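Here is the structure we will look at, set down as structure tokens.
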Amino acid sequence: MEIKTLIDQHKSKFDKFYKKLLHKRLDRSLLSKAMRYSSTNGGKRIRAFLISQSSKIVNLSSRNSMIISASIESIHSYSLIHDDLPSMDNDDYRRGKQSTHKKFGEATAILAGDALHDFAFQILSENFNKIDSNKNIKLINYLTICTGYDGLAGGQSLDLLYENKKLNKNKIIEMYNKKTGKLFEFAFAAPFIMKGETNKRIEFSKSYGALFGTIFQIMDDLFDEVNSFKEIGKTPGKDKKQGKRTLLSIIGKKDTINFCEEKIYNFIKRNKSEFQKNPILKELLYFNIKRLK
Ligand code: GRG
């Protein structure tokens, strides 16, 4: 079956689980409405799919896999709400609909983002079936690292600082790795950590997730430039207008794609046995690039 079909099938399963969880936990307040609006309004659920694939590899139960996914998709929605704010990337649209601050006002949007962030940690600390508490704490600690100053928040800060600056490729890749790679790194590695896999395998899972996320961001920047509002669900062409520093802006489209292909090729070469055991991992990395063609 095609990767896109597998992702869509998994998305319906995840969305059902996630909506039920939100329904159980949230109320009818304005804040709950804003949280629901921004977290269940049509994301592709790529991170949840990645978690499902990683869970299959290490035999993690479907329920525990869904809990990790619900947590990560909550963090992801939080980051999108804040990213769209006027003081950040300033976009009136997200996922083809009004962004949260346009629909609910800026104060409620900020709070909905904060509350979704906290909700992610609430889920991770309350809902797992049969998990050893040491592993649970390790997992929560790892998520704080991936979202904080050395992860999402740090990456976003670099993204804003770098606007209109002259930069080299390494600086941009470092920013991508923090802003986007770190959450994918957590997503793919979390099942390995929960199942107590060897350090070597956990390291593999972290670098696979990080590579996937970084390439995902590189491609996202390309879509921003070449795709329409209908395709990306937000205002296209904004990166260029805002003077965003992207790999595309310094090396062009062809070299950007070559760069990704080379990274994937070398990573697969270094980790042959994992890819031989799980061929979908290779397909997934290339799917990231094929989304463009
Ligand atoms: C500290 C969590 C946290 C957030 C505050 C705003 C911010 C700091 C970070 C933003 C990071 C950010 C927006 C990165 C972009 C990542 C990205 C490629 C988003 C698009 O992801 P898709 O395509 O979106 O998976 P859908 O809509 O399909 O879910």
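For ligands, and for the atoms within them, numbers begin at 1 and follow the listed sequence. As the structure is a prediction and not an experimental result, all values here were calculated from the model. Heavy-atom basis, side chains included; hydrogens, waters and symmetry copies ignored. Residue numbers start at 1 and run along the sequence shown.
Between Phe216 and Phe184, the gap from one ring centroid to the other is short of 6.0 Å.
Any N or O atom pair closer than 3.5 Å counts here, and Lys44 shares at least one such pair with ligand 1. For ligand 1, the polar-atom distance check against Lys179 finds no nitrogen or oxygen pair separated by under 3.5 Å. The shortest N/O to N/O separation between Arg94 and ligand 1 does not fall below 3.5 Å. By the 3.5 Å distance cut-off applied to N or O atoms, His76 is counted among the residues near ligand 1.
Considering only non-hydrogen protein atoms, atom 2 (C) of ligand 1 sits nearest to Tyr78 CE2, 3.0 Å. Protein heavy atom at the shortest distance from atom 10 (C) of ligand 1 is Gln156 OE1, 3.3 Å. Of the protein's non-hydrogen atoms, Ser79 O, 3.3 Å is the one closest to atom 6 (C) of ligand 1.
Atom numbering of ligand 1 starts at 1 in the shown order; those under 4.0 Å from a heavy atom of Phe216 are 18 (C), 21 (O), 22 (P), 23 (O), 25 (O). Of all atoms in ligand 1, numbered sequentially from 1 with element shown, those under 4.0 Å from a heavy atom of Gln217 are 15 (C), 16 (C), 17 (C), 18 (C). Every atom of ligand 1 with a heavy atom of Gly43 under 4.0 Å away is listed here by number and element: 26 (P), 27 (O), 28 (O), 29 (O). Numbered from 1 in the order shown, with element, the atoms of ligand 1 that lie under 4.0 Å from a heavy atom of Arg95 read 26 (P), 27 (O), 29 (O). Within the listing of ligand 1, atoms 1 (C) sit less than 4.0 angstrom from a heavy atom of Thr147. Under a 4.0 Å criterion applied to the non-hydrogen atoms of Ala153, ligand 1 contributes the atoms 1 (C). The ligand atoms of ligand 1 that sit less than 4.0 angstrom from a heavy atom of Thr180 are 14 (C), 15 (C), 16 (C).
Around the NZ atom of Lys277, the shell of radius 6.0 Å holds more than 12 heavy atoms that belong to other residues, nucleotides or ligands. At most 12 non-hydrogen atoms from other residues, nucleotides or ligands lie less than 6.0 angstrom from OH of Tyr149. The environment of Asn199 atom CG is sparse: at most 12 non-hydrogen atoms of other residues, nucleotides or ligands sit within 6.0 angstrom.
Classification of the Tyr208-Phe188 ring pair by plane angle, with boundaries at 30° and 60°, yields tilted. Note on ring orientation: taking the six-membered ring where Trp is involved, the planes of His10 and Phe14 are parallel (angle under 30°, cut-offs 30° and 60°). Ring pair Phe275/Phe204 is perpendicular by interplanar angle, where above 60° counts as perpendicular and below 30° as parallel.
Of the inter-residue distances, the one linking Asp91 atom CG with Ser99 atom OG reads 6.0 Å to the nearest 0.5 angstrom. From Met66, atom CE reaches atom CG of Leu60 across 11.5 Å, with rounding to the nearest 0.5 Å. One finds the CD1 atom of Ile257 at 14.0 Å from the CD atom of Glu262 (value rounded to the nearest 0.5 Å).
Both the backbone and the side chain of Asp83 come within contact range of ligand 1, each with a heavy atom under 4.0 Å.
Proximity of Arg47 to ligand 1 is established by a heavy-atom distance of less than 4.0 Å.
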